[in-house]
There are 2 protein chains.
Amino acid sequence: MVMKMTDNSKQHMYDVKKYRTPDGAPADIVMFTLTKKERKTFTKTLPLRELKVMLIRRRSWPFAGKWALPGGFSRDTESLFETAQRELKEETGVDADARHLEYLGVYSKPGRDPRGWIISHAFFALVEEEILEKRQAADDAEEVGLFTIEEALEQLELGFDHRDIIQDAYHRIQEQMLSTVIAKKFLPPEFTLSELYQVIKAVVPDFEEPNFIRKITSTRSRKGIIEEVRDEQGNPLSSNQYSQRPAQLYRFTGLMPRLSIYS
Amino acid sequence: MVMKMTDNSKQHMYDVKKYRTPDGAPADIVMFTLTKKERKTFTKTLPLRELKVMLIRRRSWPFAGKWALPGGFSRDTESLFETAQRELKEETGVDADARHLEYLGVYSKPGRDPRGWIISHAFFALVEEEILEKRQAADDAEEVGLFTIEEALEQLELGFDHRDIIQDAYHRIQEQMLSTVIAKKFLPPEFTLSELYQVIKAVVPDFEEPNFIRKITSTRSRKGIIEEVRDEQGNPLSSNQYSQRPAQLYRFTGLMPRLSIYS
DNA sequence: ATAATAGTGTCTATGAGACAATATGGC
DNA sequence: GCCATATTGTCTCATAGACACTATTAT
């Protein structure tokens, strides 16, 4: 089939609507947070930390009444990452730059969305607990919930293929927790090693490292990723916020070791 | 706001074409291969191995005459992974299941494709050299090229944002080479440790491990990923295909160590 | 014998892993 | 003085890293 040209530009030969095209490309965001809950004990203790995911109860077709990930459609003036940033800002009121937002993958199984041929792009984000609480309180138009991963995966009725997405996001955040320094995003700039250990365990429950302090402070190959915090005189700084005996404060250095199964 | 329903199905309220929708969602595939080239020496030697990427010279608008990744548009009856599998099969003539095909990411910067709002999904695949050679010889309709990464990134004029995609794919394959057992896909089922080392170095040139044999065979924590090949009597099998002195053959066990920066 | 690669011996310094012991500071 | 958590001591065995040395076999 040859088309007649009405001008010199070859691009007019290209018919963009010859085949069916997708009905939309949304970004859906798995927003993780680490909740802190005080424990009542005789003396100071670390708060309990739990990994939670934020969901919104859908009010309209499809999947009305079911829980689903926050998200929205991409526009032709933005990349999908920008869509996700915009959504994240709309959901939390805070600029996305400040926190971790990472692409997770594409979800495109035919029939996954009853509205049509909709190819969804999943992201995951790490958000401070307080922001989600504020969001939860402020917005009475939408029902917002914070659930543990277990609740979300096993007890809730979720719309679309969002159960798959949450599952994948959970695996990814676990991988990332152990192979990168995203733990940083769950901690204040200066933290104790117990806090770091607790954050890791909250995300990866089966992480066990009895000699954690030893390894991270005295192993040459790993030593580089965190460093002791010191004051101007070079004295080590410590905190007794969560314990009687003050604990040394550390910060991340920015260094990232390269892992390898062969060395 | 409550709307009157004309039938029981709420879905007729939803207008799928209210906003502009994407003009297509193609899958583009970065097909890597490891070429083997005999070296002429006095005695047997390992062939030289080089990582190459397959590109196709475009014949039509846009970017006619420029090199680009093979790919094609997704249909509404398939997931994007299936699109990639189909494309890979069309390009190589071989079923995708046999080899490594992995999602890389989404490329959606506005203006990346002059044909319209086209959101591309990049995959990377590992393909045997012979298949690409066959393809190169058979298809006189299309000009097919195998280039080193350096050539592709620094010398070639590439269409779309395919330079970015190739760059990202290169980083990803390097990561994967060191943190997973994809080396397996570049090797026969049974191989010598020199071959394995050479494959790793071909993909990650700055990988240096002088005591490679030592570490991989006698370190308890790593020992599990490969095992010696033995015959029925339990005698170790070796090969002198590439050397005078026969070398022990190994195979991957299927075991995958979990890497962590904290332990 | 030689070339070219495979694999071992050996030595030292460092790290892992397990526990016991000690330190700190609010109560 | 007690408690809960932080931190160090100590001991053994495994591993890293360097480098010299020996092994194998087609030519």
Side-chain angles (χ1 to χ4, degrees), chain A residues 38-49 190-199 201 207-230 235-250 257-263, chain B residues 38-49 190-199 201 207-230 235-250 257-263:
Chain A
E38 300 298 326
R39 279 183 296 167
K40 13 187 180 311
T41 47
F42 294 105
T43 59
K44 295 182 196 171
T45 50
L46 278 155
L48 283 176
R49 286 176 212 249
E190 304 180 348
F191 51 86
T192 66
L193 293 184
S194 304
E195 282 182 283
L196 172 57
Y197 186 62
Q198 200 202 19
V199 164
K201 288 220 50 149
F207 180 80
E208 291 286 347
E209 202 55 62
N211 266 343
F212 184 69
I213 297 185
R214 230 359 166 343
K215 275 180 135 164
I216 205 152
T217 56
S218 70
T219 303
R220 202 174 36 176
S221 57
R222 261 175 275 278
K223 200 162 28 183
I225 73 173
I226 58 169
E227 64 187 4
E228 292 183 356
V229 182
R230 293 166 177 282
N235 303 110
L237 284 176
S238 55
S239 152
N240 64 348
Q241 187 179 4
Y242 299 125
S243 62
Q244 312 295 31
R245 175 171 175 175
Q248 175 63 46
L249 288 170
Y250 288 84
R258 186 201 231 180
L259 296 172
S260 160
I261 61 172
Y262 298 114
S263 63
Chain B
E38 300 299 325
R39 280 184 295 167
K40 12 187 182 314
T41 47
F42 295 103
T43 59
K44 295 181 195 171
T45 51
L46 278 155
L48 283 175
R49 285 177 213 248
E190 304 180 348
F191 51 86
T192 67
L193 293 184
S194 305
E195 282 182 282
L196 172 57
Y197 187 60
Q198 201 202 19
V199 164
K201 289 221 48 149
F207 180 80
E208 290 287 346
E209 202 54 64
N211 266 342
F212 184 69
I213 296 185
R214 228 4 163 339
K215 276 181 133 163
I216 206 152
T217 55
S218 69
T219 303
R220 202 175 34 178
S221 57
R222 259 176 277 280
K223 199 159 32 182
I225 73 172
I226 58 167
E227 64 187 3
E228 294 184 354
V229 181
R230 295 168 177 279
N235 304 108
L237 284 177
S238 55
S239 150
N240 64 348
Q241 187 179 4
Y242 298 125
S243 63
Q244 313 296 32
R245 173 170 174 176
Q248 176 63 47
L249 288 171
Y250 287 84
R258 188 200 232 181
L259 295 172
S260 161
I261 62 173
Y262 299 114
S263 63

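Each chain gets a letter, A, B and so on, in the order the sequences are listed, and its residues count up from 1.
One atom, CZ of B:Arg245, and another, C1' of D:dA23, lie 4 Å apart when rounded to the nearest Å. Rounded to an integer number of Å, the gap from CD of A:Glu195 to P of D:dA4 is 20 Å. At whole-Å resolution of the value, CD in A:Gln241 and C1' in D:dA6 are 15 Å apart. Between B:Glu208 atom CD and D:dA18 atom P the separation is 11 Å, expressed in whole Å. Between A:Gln198 atom CD and D:dT5 atom P the separation is 11 Å, expressed in whole Å. For the pair A:Asn240 CG and C:dG26 P, the interatomic distance rounds to 6 Å; values are reported in whole Å. The distance between atom CD of B:Gln248 and atom P of D:dT24, rounded to the nearest whole Å, is 14 Å. Straight-line distance from the CZ atom of A:Phe212 to the P atom of D:dT7: 12 Å, rounded to whole Å.
Judged by distance alone, with hydrogens and angles left aside, the side-chain atoms of B:Gln248 form a donor-acceptor pair with the main-chain N or O of B:Val229 at under 3.5 Å. Using a distance-only test at 3.5 Å, with no hydrogens or angles considered, no donor-acceptor pair links the side chain of A:Tyr197 to the main chain of A:Ile213. In this structure, the side chain of B:Lys201 does not engage the main chain of B:Glu208 through any donor-acceptor pair within 3.5 Å.
Below the 3.5 angstrom threshold, one finds a donor paired with an acceptor across the side chain of B:Asn211 and the base of D:dG17.
With a 6.0 Å radius and a threshold of 12 heavy atoms from other residues, nucleotides or ligands, B:Arg230 has its CZ atom above the threshold.
Between B:Ser194 and C:dA6 there is a side-chain N or O to OP1 or OP2 distance below 4.0 Å. Proximity of A:Lys215 to the phosphate of C:dG17: a side-chain N or O atom is located under 4.0 Å from OP1 or OP2.
Residues A:Arg214 and A:Tyr242 both approach DNA chain D. Their nearest nucleotides, taken by heavy-atom distance, put A:Tyr242 toward the 5′ side.
Of the listed nucleotides (C:dG17, C:dG7, D:dT24), C:dG17 has the atom at the smallest distance from the side chain of A:Glu209. Checking D:dT24, D:dT7, C:dT24 against every side-chain atom of A:Ala247, the shortest atom distance belongs to D:dT7.
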